[in-house]
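Heads up: the structure comes next, in structure tokens.
Bear in mind that the values here come from a model prediction, so they are computed numbers and not experimental data. Convention: sequence-line order gives letters A, B, ...; per-chain numbering from 1.
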Number of protein chains: 2
Amino acid sequence: MIRVLLAEDQAMVRGALSALLNLEPDIEVLGSAADGESAWRELQRLKPDVLVTDIEMPGLTGLEIAQRVRRHELPVKVVIVTTFARPGFLRRALDAGVGGYLLKDAPAENLADALRTVHRGGRAIDPQLALEAWSDADPLNDRERQVLRLAGEGHSASDIGTQLNLSHGTVRNYLSEAIGKLGAANRIEAYRLARQKGWL
Amino acid sequence: MIRVLLAEDQAMVRGALSALLNLEPDIEVLGSAADGESAWRELQRLKPDVLVTDIEMPGLTGLEIAQRVRRHELPVKVVIVTTFARPGFLRRALDAGVGGYLLKDAPAENLADALRTVHRGGRAIDPQLALEAWSDADPLNDRERQVLRLAGEGHSASDIGTQLNLSHGTVRNYLSEAIGKLGAANRIEAYRLARQKGWL
DNA sequence: ACCCCCGGGTGACGCTTGTCACATGCGCAC
DNA sequence: GTGCGCATGTGACAAGCGTCACCCGGGGGT
């Protein structure tokens with residue numbers, strides 16, 4: 001019997017996934033959480049075999065939970081189920097030692113199979129995504145990432161400078177670097193590109 | 001017996017919702033579709049009582065399907081189930097005469113209840129969203145919307161001018177207007193604001 | 001015929017962006 | 001210490017952006 005904890009912020013999807021998993025005779029959903037913190041608490045309380053979690057959640061993200069699990073060496077497997085086919089996310093998930101990474105685009109039957117595989121100690125990674133993840137790495141450094149993120153939210157260079165204690169000139173230098181590295185025409189395009197790769 | 005067709009692009013969510021609805025004794029899921037066009041075809045083939053659809057799908061969006069249903073006077077109720085709490089979307093959905101508009105944030109049990117209500121001829125609209133929808137209307141006109149959308153994708157003014165057969169000066173005028181109307185500081189912020197309201 | 005509104009355009013203004021070449025200063029290897 | 005790399009600044013330039021005041025021409029009222 002595979003004992004599962006479910007973390008997913010959208011209540012309707014959470015309920016539906018729970019119903020789906022409970023149809024499987026060898027799977028039992030112990031409980032579910034709507035945000036990162038409560039998922040983390042329930043994880044320690046219920047001690048499930050497998051945690052099935054989304055990435056984007058209020059509080060802790062699924063990736064952060066996976067990192068904590070690894071740091072505390074909890075005896076639980078983590079399976080990420082997410083909308084985002086972003087190589088950067090998968091990369092970070094693998095670094096955090098997750099057992100599975102599925103897309104919500106994948107057929108529903110895959111989920112139960114993936115849980116079984118992971119429970120046996122195997123790995124269930126979305127195949128075409130796995131390729132991309134190793135193909136191109138994030139070219140941005142920390143400063144460029146920060147600056148680009150702020151810029152993408154509509155802040156001006158001087159604005160960003162104030163927030164990060166940098167001169168507006170420096171901010172523009174970083175932005176220019178980032179734009180160059182990404183082969184974009186301006187900050188907006190650069191932001192979009194970085195975001196869709198999961199480099200944020 | 002309520003006969004339901006399900007349209008939702010994420011396979012896993014689609015499967016899960018289907019499992020959820022099939023647990024209800026008075027509900028039967030006839031079939032499901034992964035994109036707008038096939039949903040429209042299945043709608044005519046299966047003639048369900050209720051169509052449960054997401055908004056963001058490849059091809060036709062859920063809103064466009066709802067509009068078509070109204071135009072063709074098909075005897076099917078439409079229930080929108082979406083992630084987006086955007087007043088503009090609800091507004092357009094109501095204009096298209098949908099029977100229900102639920103958020104994926106709502107508890108899973110609501111879905112079956114909403115289907116029953118709508119099947120009886122009632123309406124099931126997310127309450128707090130309903131308030132917002134009537135509070136602030138989209139201040140943008142068509143040109144401003146077009147221009148803002150392109151600008152948000154990273155195109156420059158001259159770029160946009162070429163695409164729409166306008167002078168770059170005119171494009172900047174529209175952009176300026178839009179920025180003003182939305183109380184934003186620049187095109188990026190304006191784009192974000194408009195987007196999150198569902199005015200796109 | 002008159003006026004006025006509306007979509008589109010022009011030109012000018014000052015500010016912001018994107019780019020680049022060149023400084024400064026700090027820490028680390030040797 | 002000398003040298004190198006890295007992070008941060010500076011100053012200049014051209015291009016793009018945001019704003020505004022104003023122009024033009026075609027409909028529609030009245």
Side-chain angles (χ1 to χ4, degrees), chain A residues 86 88 91-92 95 136-200, chain B residues 86 88 91-92 95 136-200:
Chain A
R86 299 188 187 150
R91 191 73 149 266
R92 272 183 266 166
D95 288 345
D136 51 7
D138 181 354
L140 304 176
N141 63 34
D142 282 356
R143 279 308 200 191
E144 287 156 8
R145 232 191 316 279
Q146 282 178 67
V147 165
L148 191 52
R149 182 155 32 218
L150 272 324
E153 285 166 12
H155 300 286
S156 70
S158 349
D159 214 355
I160 298 173
T162 316
Q163 286 184 57
L164 301 182
N165 292 324
L166 292 176
S167 99
H168 69 110
T170 305
V171 170
R172 288 195 287 144
N173 286 155
Y174 285 132
L175 235 13
S176 182
E177 261 299 293
I179 292 168
K181 283 182 180 178
L182 299 174
N186 55 47
R187 52 179 72 192
I188 310 182
E189 202 183 333
Y191 177 76
R192 303 205 128 214
L193 284 174
R195 226 189 126 77
Q196 106 191 19
K197 287 286 192 177
W199 299 330
L200 250 167
Chain B
R86 299 189 187 149
R91 190 74 150 266
R92 272 184 265 166
D95 288 347
D136 51 10
D138 181 353
L140 303 175
N141 62 36
D142 282 354
R143 278 309 199 190
E144 287 156 7
R145 232 190 317 279
Q146 282 179 68
V147 165
L148 192 51
R149 181 155 31 217
L150 272 323
E153 284 165 15
H155 300 287
S156 71
S158 348
D159 217 355
I160 299 173
T162 317
Q163 286 184 57
L164 301 182
N165 294 321
L166 293 176
S167 99
H168 70 110
T170 306
V171 170
R172 289 197 288 148
N173 285 156
Y174 285 131
L175 235 12
S176 182
E177 261 298 292
I179 291 169
K181 283 182 179 176
L182 299 174
N186 54 47
R187 52 180 72 193
I188 310 182
E189 201 183 333
Y191 177 77
R192 303 206 128 213
L193 284 174
R195 229 190 123 77
Q196 106 191 19
K197 286 287 192 176
W199 299 331
L200 250 166

Taking only N/O atoms, report every protein-nucleotides 24-28 of chain D pair under 3.5 Å with atom names and distance.
none

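Here R143(A) does not reach the OP1 or OP2 of dA7(D): none of its side-chain N or O atoms lies under 4.0 Å away. The side chain of S176(A) contributes an N or O atom lying less than 4.0 Å from OP1 or OP2 of dT19(C).
Taking only side-chain atoms of Y174(A), from C-beta outward, the nucleotide of dT19(C), dA7(D), dG18(D) with the closest atom is dA7(D).
For DNA chain C, none of the residues of residues 146-155 of chain A falls under the heavy-atom distance limit of 4.0 Å. Within residues 186-196 of chain A, the residues that place at least one heavy atom under 4.0 Å from DNA chain C are, in residue-number order, N186(A), R187(A).
A side chain to side chain donor-acceptor pair (under 3.5 Å) check over residues 188-200 of chain A, counting only residues at least two apart or in different chains, returns the pairs D136(A)-K197(A), Y191(A)-R192(B), R192(A)-Y191(B). Applying the salt bridge (Lys or Arg N to Asp or Glu O under 4.0 Å) definition to pairs two or more places apart or across chains, none involves residues 151-178 of chain B.
Residues passing the side chain to side chain donor-acceptor pair (under 3.5 Å) test with Y174(A): none are found, sequence neighbours excluded. Judged as a side chain to side chain donor-acceptor pair (under 3.5 Å), and not counting sequence neighbours, S176(A) has no contacts. Partners of S158(B) by side-chain contact (heavy atoms from CB on, under 4.5 Å), not counting sequence neighbours, listed by chain and number: S156(B), H168(B). Applying the side-chain contact (heavy atoms from CB on, under 4.5 Å) rule to A190(B) yields the partners L148(B), I179(B), L182(B), A184(B); only residues at least two apart in sequence or on another chain are considered. In this structure, the side chain to side chain donor-acceptor pair (under 3.5 Å) partners of D142(A), at least two apart in sequence or on a different chain, are R145(A). By the side chain to side chain donor-acceptor pair (under 3.5 Å) test, T162(A) pairs with no residue at all, sequence neighbours left out.
Rounded to the nearest 0.5 angstrom, Q146(A) CD and Q163(A) CD are separated by 10.0 Å. In this structure, the separation between OG1 on T170(A) and CD1 on I160(A) is 12.0 Å, given to the nearest 0.5 Å. The CG atom of L193(B) lies 12.0 Å from the CD1 atom of I188(B); values are rounded to the nearest 0.5 Å. In this structure, R86(A) CZ and R92(A) CZ are separated by 9.5 Å, a value rounded to the nearest 0.5 Å. Between atom CZ of residue R187(A) and atom CG of residue L175(A) there is a gap of 4.5 Å, rounded to the nearest 0.5 Å.
In this entry the distance linking CG of L175(B) with P of dC15(C) reads 20 Å, nearest Å. Distance, E144(A) CD to dC6(D) P: 13 Å, rounded to whole Å. In this structure, the CD atom of E177(A) is 10 Å from the P atom of dC20(C), given to the nearest Å. Between K181(A) atom NZ and dG18(C) atom P there is a gap of 16 Å when expressed in whole angstrom units. Across the protein-nucleic acid pair, I179(A) atom CD1 and dA15(D) atom P stand 17 Å apart, rounded to whole Å. At whole-Å resolution of the value, CG in N141(B) and C1' in dC6(C) are 11 Å apart. In this entry the distance linking CG of D142(B) with C1' of dG8(C) reads 15 Å, nearest Å.
Within the 4.5 Å cutoff, no side-chain heavy atoms of V171(A) are placed close to those of L164(A).
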Nucleotide by nucleotide, 5' to 3', does protein get under 4.0 Å of the base (B), only the sugar-phosphate (S), or neither (-) in nucleotides 9-14 of chain C, counting heavy atoms?
-> BB-B--
